[in-house]
Visitor: 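Okay, here's the structure, questions in a sec.
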There are 2 protein chains.
Amino acid sequence: MITTQQSAPPAPAGLRARKKQRTRDALLRAALLLFVSQGYEETTVDEITEAVDVSQRTFFRYFVNKEEVAFAVQTLVEEHFVAALRARPAAEGPLLAMRNAVLDSWDTVGEAIAEVVPVDLYMRTYQLIESTPALLAVHLRRSAELEEQVARLIAEREGLDVEADPRPRVAVAAFCGVMRVTGRLWGRGEDTSIEAIRRLTERYLDHIGGALAADWR
Amino acid sequence: MITTQQSAPPAPAGLRARKKQRTRDALLRAALLLFVSQGYEETTVDEITEAVDVSQRTFFRYFVNKEEVAFAVQTLVEEHFVAALRARPAAEGPLLAMRNAVLDSWDTVGEAIAEVVPVDLYMRTYQLIESTPALLAVHLRRSAELEEQVARLIAEREGLDVEADPRPRVAVAAFCGVMRVTGRLWGRGEDTSIEAIRRLTERYLDHIGGALAADWR
DNA sequence: CAGGCTAGTGACAGCGACTGACACTTCACA
DNA sequence: TGTGAAGTGTCAGTCGCTGTCACTAGCCTG
């Protein structure tokens with residue numbers, strides 16, 4: 001249903017490439033485990049590399065900085081959503097297409113995550129991102145980049161020019177704003193299941209019309 | 001009309017306090033000038049402190065980190081907006097109140113800025129924030145904090161519980177999403193006047209209803 | 001107005017994130 | 001099988017940021 005792009009590397013070619021993949025995976029897993037167990041700021045890059053037994057320099061050859069490793073799985077999830085959005089029929093209006101794409105991707109992204117790290121670890125990482133100021137800041141910037149990408153995609157679907165017509169950006173901004181609220185509430189609540197975020201998403205998106213009415217009373 | 005909160009310190013008490021204020025102002029101005037002229041990443045804290053002739057340690061006693069100095073004026077602007085929102089009559093619906101508060105504050109914030117740094121310097125700083133990844137990330141996190149504050153304010157106006165009713169957060173999220181788009185476009189365009197951002201704001205906010213319709217065609 | 005109090009500062013040492021340079025090992029491929 | 005290059009370790013160095021401590025200069029009280 002959803003075309004996963006560069007996820008699930010089907011056993012890379014040479015020995016060298018496989019070794020490389022293993023090192024990266026080991027660094028990623030070790031980093032996330034340390035992050036969620038003792039906190040992001042409290043974890044040094046040296047600790048991560050000692051756990052995997054490579055030099056600090058090697059870490060920075062795989063990840064441009066300490067933050068990036070925390071977002072490796074998130075990248076997967078975002079690619080999943082974009083793919084789901086592209087797959088929505090052209091007949092659907094912008095808001096409906098985005099809504100359905102989100103709900104679609106929640107249905108299938110679990111497996112994609114599990115190929116890299118345990119789903120449970122991803123969810124705890126997400127909560128960590130939401131609660132660590134330095135990571136939250138980066139998360140929001142990444143979301144803004146995704147937002148721009150989605151706006152272009154929506155404009156394309158509707159045959160509009162993003163630069164000329166404000167509606168694609170406005171719609172996507174409003175939509176993403178709501179999505180961020182649900183993400184934050186999910187990370188805060190106790191129920192960290194994928195079903196929970198799905199339900200929350202539906203509930204909040206259903207309110208977007210009413211919330212923008214002139215009068216709530 | 002708008003009650004400025006802690007801006008415009010009317011000549012502080014003792015000599016000590018005045019000296020302190022002067023040091024802070026000097027650091028702020030020197031930092032912003034260096035940032036806009038040679039870039040944020042390219043400016044070291046040592047350069048800033050050398051320009052003012054204080055020790056590096058002193059810089060970090062006034063600003064918790066290098067980022068904070070870039071947002072000092074932005075803080076002023078945000079306080080201005082919140083004050084303007086509080087001043088809107090209770091009869092106005094949420095969206096209208098936010099819209100009017102933004103437009104109100106654009107009318108008066110210029111003077112408040114000029115008391116600290118030249119308005120021109122502030123505008124160039126804003127453009128720098130938008131175009132420097134590290135600063136943009138912090139900017140977005142700060143905006144999210146402001147958003148939460150505004151959501152609580154709106155809920156209060158409407159006599160609702162933010163935690164129970166999704167509409168305040170949804171409305172504010174959608175509204176702020178649109179505001180961020182205008183801010184980004186303003187920072188990108190050539191016309192960096194306050195009138196320009198005012199016009200852009202009006203134009204984009206007017207489209208929020210249509211953008212959320214089911215069908216644009 | 002002398003003398004103690006303390007806020008503000010400078011000097012210094014140290015940590016952690018990150019980078020550039022270079023040498024070395026090990027796989028790949030002719 | 002030998003040669004090139006990819007991947008890694010080591011080392012030295014920069015920059016943001018922090019703790020500590022001594023010192024100076026406004027301030028306040030007797």
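Naming convention: chains lettered A, B, ... in sequence-line order (proteins, then strands); numbering from 1 in each chain.
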Visitor: At under 4.0 Å, does any side-chain N or O of B:Thr23 touch on OP1 or OP2 of C:dT9?
Guide: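 It does, given that an N or O in the side chain of B:Thr23 lies less than 4.0 Å from OP1 or OP2 of C:dT9.
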
Visitor: If you round to the nearest 0.5 Å, how far is CH2 of A:Trp106 from NE2 of A:His80?
Guide: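 It is 10.5 Å, given to the nearest 0.5 Å.
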
Visitor: Minimum heavy-atom separation for A:Ile48 and A:Ala31, please, with both atom names.
Guide: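 Closest heavy-atom pair between A:Ile48 and A:Ala31: CD1-CB, 3.8 Å.
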
Visitor: Among D:dC21, D:dC27, D:dT8, which nucleotide has an atom closest to any side-chain atom of B:Arg61?
Guide: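 Closest nucleotide to the B:Arg61 side chain: D:dC21.
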
Visitor: Below the 4.0 Å mark, does D:dG7 have OP1 or OP2 next to a side-chain nitrogen or oxygen of A:Tyr62?
Guide: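 For D:dG7, OP1/OP2 do not have a side-chain N/O of A:Tyr62 under 4.0 Å.
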
Visitor: At under 4.0 Å, does any side-chain N or O of A:Lys19 touch on OP1 or OP2 of C:dC27?
Guide: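 Checking C:dC27 against A:Lys19, a side-chain N or O does come within under 4.0 Å of OP1 or OP2.
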
Visitor: Looking only at N and O atoms, is any donor in the side chain of B:Arg57 or the base of D:dG19 less than 3.5 Å from an acceptor on the other one?
Guide: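 Answer yes: a donor N or O sits under 3.5 Å from an acceptor.
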
Visitor: Could you check whether B:Lys66 makes a cation-pi contact with B:Phe60, meaning its NZ or CZ is under 6.0 Å from the centre of the six-membered ring and within 45° of the ring axis?
Guide: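 No, B:Lys66 does not sit over the ring of B:Phe60.
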
Visitor: How is B:Thr58 classified with respect to the nucleic acid when contacts are heavy atoms under 4.0 Å: base, sugar-phosphate, or nothing?
Guide: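 The residue B:Thr58 makes sugar-phosphate contact but no base contact.
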
Visitor: When rounded to the nearest 0.5 angstrom, what is the spacing between CD in A:Glu67 and CG in A:Leu135?
Guide: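 Output value for this atom pair is 6.5 Å.
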
Visitor: Mind checking B:Thr49 for me? I need base, sugar-phosphate or nothing, with any heavy atom below 4.0 Å counting as a touch.
Guide: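 Nothing, no heavy atom under 4.0 Å.
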
Visitor: Look at B:Lys66 and D:dC17 and indicate whether a side-chain polar atom (N or O) is within less than 4.0 Å of OP1 or OP2.
Guide: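 No, B:Lys66 has no side-chain N/O under 4.0 Å of OP1/OP2 on D:dC17.
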
Visitor: Within the modelled atom types, does a donor on one side and an acceptor on the other bring the side chain of B:Arg18 and the base of D:dG26 under 3.5 Å apart?
Guide: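 Under the 3.5 Å cut-off, the side chain and the base do not form any donor-acceptor pair.
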
